[in-house]
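Worksheet: one structure, shown below.
Just so we're on the same page: letters track the sequence lines, and every chain starts at 1. Values below: all heavy atoms of this structure, side chains included; hydrogens, waters and symmetry mates excluded.
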2 protein chains.
Amino acid sequence: MPRTKKDVVTEFRTAEILQAACRVFAEQGFEQATMAEIARVAGVAKGTLYLYYPSKQDMYWAALGRSLLELAAATRLQVESASTAEQKVHAFIATKLRYFEEHRDFFRIYYSEVGRALCRHGRAARQFDDLYLEQVKVLDQALQHAVRRKAIRPIRTDAAAFALLDLTRSLVTQRLRGLSRASLDEDIEFAFDLAWKGIGHR
Amino acid sequence: MPRTKKDVVTEFRTAEILQAACRVFAEQGFEQATMAEIARVAGVAKGTLYLYYPSKQDMYWAALGRSLLELAAATRLQVESASTAEQKVHAFIATKLRYFEEHRDFFRIYYSEVGRALCRHGRAARQFDDLYLEQVKVLDQALQHAVRRKAIRPIRTDAAAFALLDLTRSLVTQRLRGLSRASLDEDIEFAFDLAWKGIGHR
DNA sequence: CAGCACAATGACCAACGAGTCATTATATCG
DNA sequence: CGATATAATGACTCGTTGGTCATTGTGCTG
């Protein structure tokens with residue numbers, strides 16, 4: 001029998017704390033963020049945090065992981081359900097831009113995590129990396145297929161996939177920094193246009 | 001009268017320590033790097049570091065700034081001395097890829113610093129940001145000129161410049177992570193090809 | 001309402017690391 | 001060589017912060 005009352009409250013607190021953590025990690029980065037500050041933002045005492053998450057690291061990975069998996073799943077779904085190569089590339093870019101637009105705090109954490117990929121740090125980072133490379137692979141396979149079908153010119157699809165992921169991130173960054181005055185849809189079309197002409201449609 | 005003997009030794013020590021700092025900051029990131037570790041790598045005592053740099057921050061910015069200015073200057077020179085838009089874009093990409101290939105530790109620091117651009121942190125970061133945006137501007141102006149001359153199709157040159165900078169970074173990252181088995185020149189041509197077709201030659 | 005189980009609290013602790021400075025080593029020069 | 005100035009050292013200080021836990025608060029149940 002599920003103890004509904006208790007479970008609901010617990011779930012609520014857990015989410016509430018996670019949201020506060022998201023905010024603080026996004027603003028300060030992992031190292032600069034303090035548990036005291038997260039507690040303050042969440043409106044609870046420091047000790048309470050540890051009733052829901054065993055450590056700062058765990059909290060961080062909880063904040064990052066949830067959205068990361070959601071985004072990865074959405075991207076895979078959208079890309080794989082698109083029929084043509086053109087639509088797949090478009091779906092890849094559009095899904096990510098739209099998701100990040102709606103989850104800005106997540107993007108900041110994601111962005112700073114990417115920045116640390118070149119410094120080695122603990123096992124948990126590998127999990128992030130795996131998911132990151134998996135996203136490249138999704139796009140890579142779509143491109144490989146397109147090359148075989150001669151829908152695009154023959155290029156190094158893996159390198160192109162990696163580049164397109166970074167291109168997408170680039171546009172999101174511009175938006176977040178307030179450097180883009182265009183609408184979201186315009187930015188999506190811009191990125192897609194650049195990408196599609198770049199990899200060479202026929 | 002320049003006290004040559006003393007000055008030479010001082011200069012040598014300063015450089016030696018800076019190199020060690022570069023190594024450690026590249027491997028660990030700013031936060032994780034400790035002065036003790038830098039001292040160990042440099043082969044001096046911790047206190048000695050403070051005879052040459054007043055603080056960890058200062059040391060970090062010394063390590064980052066020197067190369068950053070050098071790269072910025074080289075890029076500006078190469079881009080401005082190229083005559084056609086095509087050559088300018090090529091020069092931009094090639095200069096950066098070549099420089100980063102030769103200064104991998106610098107790239108790692110640079111890369112992680114870019115990742116923190118979305119979290120606010122002290123005045124000094126603004127200096128980095130200014131230089132970063134200045135690089136975009138160099139490319140932007142070349143693209144604007146090209147658009148006016150109808151050498152490329154009319155696009156948002158600022159967004160394209162930003163994207164090309166990120167595309168370049170993407171290729172360097174792939175090389176550093178060992179994901180590219182191509183030669184440096186091949187990667188340069190690949191990036192240029194993608195970029196040039198993307199922005200649309202005529 | 002009394003008693004109880006458990007959630008919340010925040011003072012506290014221990015570890016860590018930036019930065020200091022009294023002491024020691026080294027180089028220069030008369 | 002001895003005196004003196006300067007460079008190098010590393011044990012130490014002190015503020016910070018992740019994590020703990022004895023105490024306090026809360027709500028449920030009989």
[N] [atom2] sits how many Å from [X] [atom1], rounded?
{"X": "A:Arg40", "N": "C:dG10", "atom1": "CZ", "atom2": "C1'", "result": "16 Å"}
{"X": "A:Phe30", "N": "D:dT17", "atom1": "CZ", "atom2": "P", "result": "13 Å"}
{"X": "B:Glu31", "N": "C:dC16", "atom1": "CD", "atom2": "P", "result": "18 Å"}
{"X": "B:Glu37", "N": "C:dA18", "atom1": "CD", "atom2": "P", "result": "11 Å"}

Would you please name every residue forming a side-chain contact (heavy atoms from CB on, under 4.5 Å) with B:Lys96, sequence neighbours left out?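 B:Lys96: side-chain contact (heavy atoms from CB on, under 4.5 Å) contacts with B:Leu71, B:Thr75, B:Phe92, B:Phe100, B:Gln135, B:Leu165, B:Thr168.
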
With sugar-phosphate meaning primed atoms plus P, OP1 and OP2, does B:Ala39 contact a base, only sugar-phosphate, or nothing at under 4.0 Å between heavy atoms?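 No contact at all - B:Ala39 keeps every heavy atom at 4.0 Å or more from the nucleic acid.
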
Relative to the ring of B:Phe106, is the ring of B:Tyr99 parallel (under 30°), tilted (30 to 60°) or perpendicular (over 60°)?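 Correct class here is perpendicular.
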
Neighbours of DNA chain C within [range], by heavy-atom distance under 4.0 Å:
{"range": "residues 51-63 of chain A", "value": "A:Leu51, A:Tyr52"}
{"range": "residues 41-50 of chain A", "value": "A:Val44, A:Ala45, A:Gly47, A:Thr48"}
{"range": "residues 13-28 of chain A", "value": "A:Arg13"}

Would you please name every residue forming a ring pair (Phe, Tyr, Trp, His ring centres under 6.0 Å) with A:Phe30, sequence neighbours left out?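 Only A:Phe25, A:Tyr60 meet the ring pair (Phe, Tyr, Trp, His ring centres under 6.0 Å) criterion with A:Phe30.
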
Lys/Arg-Asp/Glu bridge criterion (N-O < 4.0 Å) met for [X], [Y]:
{"X": "B:Arg116", "Y": "B:Asp129", "value": "no"}
{"X": "B:Asp166", "Y": "B:Arg169", "value": "yes"}
{"X": "A:Glu134", "Y": "A:Arg76", "value": "yes"}
{"X": "A:Asp187", "Y": "A:Arg98", "value": "no"}
{"X": "A:Asp130", "Y": "A:Arg126", "value": "no"}

For residues 16-28 of chain B, which residue pairs qualify under side-chain hydrogen bond (donor to acceptor under 3.5 Å, both in side chains), counting only residues two or more places apart or in two chains?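 Matches after skipping sequence neighbours: B:Arg13-B:Glu16.
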
Heavy-atom donor-acceptor pair, A:Lys88 side chain to A:Leu143 backbone, under 3.5 Å: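 Such a contact is absent between A:Lys88 side chain and A:Leu143 backbone.
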
Test item: B:Ser112 side-chain N/O and B:Ile109 main-chain N/O as donor-acceptor pair under 3.5 Å: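 It does hold such a pair.
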
